[in-house]
Trainee: 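I'd like to ask some things about the structure below.
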Amino acid sequence: MRTSIVGAVIALLLTISLISSLVVSQGLTPKLGGTLVVIQVGDPKSFNPDAQVDDMGFPIFQNLFNKLVTLDIDYNIIPDLAYKWDVSSDGLTYTFYLYKNATWHDGVPVTAWDVKWTFETINKSKGIAYSWIKASNIKSIDVIDNYTVKFILKQPFAAFLSFLGWYGTFVMPKHMYSNYSDWLDPKNPALQKPVGSGPFKFVEWVKGDHVTLEANPNYFKGQPYLDKLVFKIIPDANTALSSFLAGEGDVLAVRPPFSEIPKLNSTSGVIVKSRAVPSQWYIGFNLLRYPFNDRTLRLAIAYAINRSYVIEKAMSGYGFPARGGYTSAIKWAFNSNAALPNYNVTLANKLLDDAGYKLGPDGIRQTPNGTKLSIKYTYFTTGPETEAIGVVLKEQLKKIGIEVTLEGLEIGAWEQKVVKNRDFDIALCDGFQGPDPDNMRSRFALGAYLNFANYSNVEYYDLLQNASVTTDFSTRQKLYWKAQEIFVHDLAYIPLVDLVAFYIWKTEFHGLPWESAGKVNYNSYALTWWEKGKSIEPEYIVFLKNNALAIVIVLVIIIGVVVAYKVTKKKWSGKTTS
Amino acid sequence: MKSKLKSDNNFFYKYLLLWNRFKNYKGGLIGFYLFLVVIFIALFVPFLPLCDPYSIKFQSFLPPSFSHPFGTDEMGRDIFSRVLWGSRTSLSVGFGAALVSSIVGVLFGSLAGYVGGKLDELLSRIIDIFLMIPAFFLILLIVAIYGSSIYYVMLVIGLTTWPSTARIVRAQILSLKEREFIYAQKVIGSSTFRILFAHLIPNSIQPIFANSILQVASAILLEAGLSFLGLGDPNVVSWGKMIYSGTSYIFTSWWIAFFPGIAIVVTVASLNLIGDALVTILSPKTEERGAYA
Amino acid sequence: MEWKDYLLRRSAQLLLTVFFALIINFLIINLAPGDPAALMAGELATKEYIEAVRERWGLNKPIPERLVSYLLNVLQGNLGYSYTYLQSVSTLIAERIPVTLLLTLTSSIIAFFVGLLLAVKTSQKAFSKVDLFVSNMMLTIYSIPSFWLGLMLIGIFGVALRIFPTSGMVNVRSTGSGVFLILDIAYHSILPIVTLATIQVPIYYKIARNTIVEQSSEDYVSTFLMAGMSTSSIFKKYVLRNSLLPPVTVFALHLGYVLSGAALVEVVFGWPGMGRLLLSAVYSRDYPLIMGIYLVTSITVSLANFFVDILYTLLDPRVRYK
């Protein structure tokens with residue numbers, strides 16, 4: 001009798017622990033299977049990942065291809081095709097050791113020869129990374145053996161690895177391209193049906209609608225959990241939002257209108273996370289034009305702009321007021337002591353009064369030369385906030401007697417007018433300022449194509465040039481800090497907003513790129529898995545889990561029957577023996 | 001052809017007659033009164049006690065209420081005030097474009113019709129070519145890459161829609177130039193220029209008038225469509241642009257896109273009602289195809 | 001013989017029209033401010049790199065030379081390669097044509113019959129209260145911007161009631177095949193088709209009603225009435241038949257716009273058709289693609305006009321060989 005009760009209690013405890021462990025493990029163990037639908041704005045251009053700037057193709061390439069090294073969500077350099085690398089002490093030689101089991105999707109192994117071909121072609125055919133990896137600075141690329149490759153630079157380049165891990169540096173299959181003299185030859189099928197090495201393989205591309213990838217079971221870092229990865233293309237932010245809410249997508253990579261974010265946040269089954277990204281909105285002055293070459297005027301304008309108010313009105317409060325001469329998202333390089341002027345209208349007005357910008361009868365100031373201080377704000381029409389920022393600037397500069405008119409241009413026309421012809425007063429621009437502050441060299445320094453303000457402070461330029469070839473970390477950091485002090489003093493550009501990126505996805509998906517810091521690149525869904533997917537464990541465990549309740553019930557019934565049988569048997573035997 | 005046009009005298013009498021006939025068309029009359037309201041608003045909106053339509057001082061996304069009858073938009077601007085101010089932009093684009101279109105159309109059409117012969121052949125071909133180019137795509141391209149100032153939009157819409165006017169004018173002139181009173185002018189030795197501008201064009205103006213009103217309506221719709229694609233002038237308040245920015249917020253703040261849309265429908269419908277009534281009154285029952293081509 | 005001459009002359013005109021439309025488009029596009037090479041090169045590009053891109057696409061050659069080589073290519077049926085998609089322009093356009101036709105053709109046919117039906121119903125009692133009401137209603141509907149109507153429909157049926165999908169052409173999560181794919185596409189196309197059809201109904205209604213009213217006042221009607229025929233049989237046998245030509249003409253002329261007419265609605269509904277292709281081509285300065293689309297749309301418009309003219313000449317002896 002007693003033994004049977006003990007047996008029953010043990011059986012019960014076992015069942016409870018089994019059930020609870022099942023419940024817990026249900027939420028933690030990655031499962032195989034499922035389709036993830038990412039909603040994004042547009043089509044890729046082609047599937048040559050290194051030839052053209054292609055912001056729509058990039059997130060897809062990040063899942064189809066690999067780089068030598070890559071960047072995780074925090075812009076840290078992590079291994080990709082190379083499991084390790086050495087840098088010589090003079091900063092001139094980089095040796096990469098490649099995974100030996102990496103293969104292209106058609107089965108051909110990925111070797112050092114592919115790496116050599118890729119970077120030589122980037123140099124020869126002027127791939128997009130040509131400028132920022134300083135391709136012309138690469139003296140030679142030597143194949144040591146099939147899985148070891150050595151880059152020898154002419155001059156040290158501190159940001160080399162960062163830029164190798166960023167954009168336009170995907171290792172490409174030599175065997176698919178070597179038959180064509182031009183890597184953008186439209187006849188090459190690889191441009192439409194890519195052969196990569198990444199966790200997902202290409203399935204189809206229905207232009208304007210979607211790109212479908214499927215899991216690569218032979219991926220050298222292990223098969224991804226998902227069966228399918230679909231990039232659905234919806235250019236319109238509202239349509240994208242409503243299809244996401246209607247369950248037609250799992251990750252919303254089209255930024256919804258700011259006003260919808262609180263609502264999304266409170267939607268059950270949806271997670272919204274935001275984080276600062278190294279991108280800024282900034283305005284630049286035409287320094288070739290009077291009166292914008294007057295620093296006092298620029299300083300007064302900087303004082304007159306309430307950056308928090310710009311964010312509140314033009315971006316519904318999502319973003320951080322820019323604080324200094326570089327994005328604060330790259331923490332090691334950002335100098336918080338090089339601060340931008342803080343909002344102060346009185347001071348701005350006083351500066352202008354003292355400098356001889358007299359208030360005219362219509363409330364608008366005149367320059368010391370007697371011309372009306374009526375300026376044009378030239379922006380490109382890629383989204384609603386470019387105009388909205390102008391609306392706020394117009395209102396704020398009115399308070400210091402400056403009249404602003406808005407000029408919105410299609411981005412190509414903007415480029416022509418502002419960057420090429422320098423035909424503007426003030427212009428708005430944005431852009432990615434990472435992954436390394438060396439970015440500033442191609443953006444704001446003397447001679448850079450995008451330096452539309454014509455900012456030509458030689459000291460600033462020298463600091464950035466020096467920093468670029470300096471390998472010692474703290475020396476480099478000091479150079480950048482100094483450069484930022486000069487930048488915020490000169491005010492050829494006024495940074496306005498540090499941008500915030502939004503990550504919006506369904507709670508039933510786990511292991512997304514922004515949750516996998518240190519493991520995968522910031523767009524890779526290799527570790528993403530679906531709660532409702534098939535389990536990754538051996539089949540019998542899957543069977544046990546799927547039928548846990550039934551098994552428990554059967555077990556309980558069996559135990560019950562046994563106990564009951566024993567009890568009745570005892571009674572029986574007791575009766576017969578007594 | 002039982003046209004009632006006799007001569008070019010009594011210009012005002014003719015319009016009085018027109019009005020008397022117009023009065024019988026209830027739809028046209030409703031349209032006319034609606035249009036008077038719109039015009040009134042457009043003319044006197046600066047004197048009305050309204051908030052500054054550009055001011056962003058209010059809280060964003062306020063729903064319609066007593067102080068903001070149509071609510072506020074994403075930047076905290078009063079939509080009621082913006083809708084009223086928007087009438088100025090829409091009407092000026094509409095009338096500006098129709099004016100450009102009429103001037104070019106009348107010039108080409110009357111020259112082709114009056115001079116005839118080889119010139120007519122050439123001009124007709126040009127008209128045909130312009131009719132065949134999909135106007136919206138063309139306007140879109142030009143505005144997208146050349147700039148979106150409101151005057152530009154006016155000009156471009158006007159310069160792409162003139163061929164239909166030209167066709168009507170040409171037909172009118174062709175039928176008028178054989179009349180006795182024109183013949184009389186020729187006999188007394190009036191110059192071609194005088195005959196054309198003092199007699200032929202004034203007498204063919206009525207059908208053009210109806211056509212132009214319809215063109216105002218379609219120009220307003222075109223401008224709205226362009227603005228909806230983000231190609232509007234940022235320095236003016238425009239209904240199409242308001243819908244464009246409201247599109248982003250349609251699911252939480254429907255009023256931002258809703259009210260400007262209603263304003264467009266009311267304005268365009270009033271013009272279409274007037275235009276339709278006029279076309280019915282003035283229709284010589286022939287050559288209808290030109291209007292639809 | 002006369003007939004053959006006419007056809008020949010008309011075809012020559014057709015070609016000439018398309019040719020001039022092509023040149024106008026080429027000039028507008030290529031004289032525009034802005035440099036496609038700089039756009040393709042991206043923001044951190046060096047001048048050297050931009051020059052390389054320019055050379056790759058032949059953008060460094062003078063405009064007349066580009067025009068001549070473009071025309072020569074078009075004559076050989078080669079519309080060039082898209083800068084952005086790196087695919088032949090004709091393939092890209094060919095992919096989009098059926099997608100857009102699904103919306104435009106279906107909606108035009110629906111609008112034609114709905115318009116005609118309404119016209120038949122109301123014109124029986126022309127100038128009655130109902131007739132006038134419907135006429136004015138139609139004018140009001142005609143005044144609704146298509147994109148706004150689409151937006152409102154999405155708001156009501158897609159988001160609030162959740163009856164219809166809000167965008168796209170297929171459900172990407174479970175792309176079916178065969179019958180299921182067709183059903184899926186049909187389901188996604190309902191709202192855009194309704195939007196397009198609604199704004200077109202007034203066009204057909206108006207032309208049909210006016211013609212029927214006109215025809216009903218013709219002399220032959222009163223003659224037949226006096227001869228003792230019933231109103232309905234006169235209507236069926238003569239009036240309706242005689243009134244069909246103008247609406248059919250308008251329908252045929254509208255066929256010219258089957259490729260370009262739905263652009264705004266495609267944008268609203270995220271429909272991957274020609275309009276969207278053009279918009280993205282314009283924004284990325286994909287010159288060969290823009291020109292290809294213009295060429296194809298100009299040809300459709302011209303062809304529609306051409307066939308209407310031929311049709312008229314065949315049916316109406318009065319306008320023969322003008």
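Below, read A as the first sequence line, B as the second, and so on, with proteins coming before strands; counting in each chain starts at 1. Predicted, not measured: the structure shown is a model, and the values here were computed from it.
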Trainee: For Leu132(C), is it the side chain, the backbone, both or neither that has a heavy atom under 4.5 Å from a heavy atom of chain B?
Mentor: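 Neither; nothing under 4.5 Å.
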Trainee: For the atom pair CG (Leu139(C)) and CG (Asp276(B)), what is the distance rounded to the nearest 0.5 Å?
Mentor: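 Separation between the atoms: 4.5 Å.
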Trainee: Are more than 12 heavy atoms from other residues, nucleotides or ligands located less than 6.0 Å from atom CZ of Phe157(C)?
Mentor: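 Result for CZ/Phe157(C): open.
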Trainee: With side chain to side chain contact (heavy atoms under 4.5 Å, CB included) as the test, would you mind laying out the steps for Asn25(C) and Leu138(B) before giving the verdict?
Mentor: CA-CA 8 Å; Asn25(C) 288 329; Leu138(B) 190 66; 3.6 Å; yes
Trainee: Within a strict 4.5 Å, meaning less than it, do heavy atoms of the Met152(C) and Phe258(B) side chains meet?
Mentor: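 A side-chain contact under 4.5 Å exists here.
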Trainee: Between Tyr283(C) and chain B, which part of the residue has a heavy atom less than 4.5 Å away: side chain, backbone, both or neither?
Mentor: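 Only the side chain of Tyr283(C) comes within 4.5 Å of chain B.
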Trainee: Where do Ser143(C) and Leu221(B) come nearest, in terms of heavy atoms and distance?
Mentor: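 Where Ser143(C) meets Leu221(B) most closely, the heavy atoms are O-CD2, 3.7 Å.
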Trainee: Kindly check if the number of other-residue, nucleotide or ligand heavy atoms within 6.0 Å of CZ (Phe95(B)) is above 12?
Mentor: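 Count over threshold, so yes.
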Trainee: How far does OG1 of Thr140(C) sit from CG of Asn272(B), to the nearest 0.5 angstrom?
Mentor: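 Going from OG1 on Thr140(C) over to CG on Asn272(B), the span is 8.5 Å.
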Trainee: Can you tell which of Ala257(B), Ala217(B), Gly31(B) has the highest number of heavy-atom pairs within less than 4.5 Å of chain C?
Mentor: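 The answer is Ala257(B).
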Trainee: If you round to the nearest 0.5 Å, how far is OG of Ser135(C) from OH of Tyr25(B)?
Mentor: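 Tyr25(B) atom OH to Ser135(C) atom OG measures 11.0 Å (nearest 0.5 Å).
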Trainee: Select one option (side chain, backbone, both, neither) describing which atoms of Leu279(C) are under 4.5 Å from chain B's heavy atoms.
Mentor: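 Only the side chain of Leu279(C) comes within 4.5 Å of chain B.
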Trainee: Can you list the steps and then say if Phe136(B) with Leu264(C) is a side chain to side chain contact (heavy atoms under 4.5 Å, CB included)?
Mentor: CA-CA 10 Å; Phe136(B) 185 71; Leu264(C) 285 168; 3.9 Å; yes
Trainee: How far apart are the closest heavy atoms of Val282(C) and Ala144(B), and which atoms are they?
Mentor: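 Residues Val282(C) and Ala144(B), closest heavy atoms: CG1-CB, 3.7 Å.
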Trainee: Any idea which heavy atoms bring Tyr146(B) and Ile28(C) closest together, and the distance?
Mentor: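 That would be OH-O, 2.8 Å.
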Trainee: Is it the backbone or the side chain of Ile141(C) that comes under 4.5 Å from a heavy atom of chain B, or both, or neither?
Mentor: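 No part of Ile141(C) comes within 4.5 Å of chain B.
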Trainee: Can you tell which part of Leu231(B) gets under 4.5 Å to a heavy atom of chain C, answering side chain, backbone, both or neither?
Mentor: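 Contact with chain C: side chain only.
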Trainee: Heavy-atom pairs under 4.5 Å with chain C: which of Ile262(B), Ile30(B), Thr267(B), Leu271(B) has the most?
Mentor: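 Option with the top pair count is Ile262(B).
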Trainee: Out of curiosity, Phe147(C) CZ to Thr247(B) OG1, how far, rounded to the nearest 0.5 Å?
Mentor: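 Those atoms lie 8.0 Å apart.
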Trainee: Based on non-hydrogen pairs under 4.5 Å, which of Leu16(C), Val267(C), Asn136(C), Ile29(C) is most in contact with chain B?
Mentor: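 Top option by heavy-atom pairs under 4.5 Å: Asn136(C).
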Trainee: Using a cut-off of under 4.5 Å for heavy-atom pairs, which of Ala281(C), Pro145(C), Gly275(C) has the most such pairs with chain B?
Mentor: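 Looking at each of Ala281(C), Pro145(C), Gly275(C) in turn, Pro145(C) comes out on top.
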Trainee: For Phe22(B), does the CZ atom sit with more than 12 other heavy atoms under 6.0 Å from it, leaving out its own atoms?
Mentor: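 Above 12, so yes.
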Trainee: Taking side chain as everything from C-beta outward and backbone as N, CA, C, O, which of these in Ile293(C) sits under 4.5 Å from a heavy atom of chain B? Side chain, backbone, both or neither.
Mentor: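 Contact with chain B is through the side chain of Ile293(C) alone.
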Trainee: For the residue pair Tyr294(C) and Phe137(B), categorise the inter-ring angle as parallel (less than 30°), tilted (30 to 60°) or perpendicular (more than 60°).
Mentor: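 Taking Phe137(B) first and then Tyr294(C), their aromatic rings stand perpendicular (interplane angle over 60°).
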Trainee: So Val265(B) and Trp148(C), do their side chains get closer than 4.5 Å, heavy atoms only?
Mentor: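 The answer is yes; the side chains approach within 4.5 Å.
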Trainee: Heavy-atom pairs under 4.5 Å with chain B - which of Ser298(C), Ser260(C), Ala21(C) has more of them than the others?
Mentor: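 Counting heavy-atom pairs under 4.5 Å, the top option is Ser260(C).
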Trainee: Let's go through Arg125(B) and Thr17(C) carefully: what are the C-alpha distance in whole Å and the side-chain angles of both, what is the deciding distance for side chain to side chain contact (heavy atoms under 4.5 Å, CB included) to 0.1 Å, and is it a yes or a no?
Mentor: CA-CA 8 Å; Arg125(B) 281 295 79 75; Thr17(C) 310; 5.9 Å; no
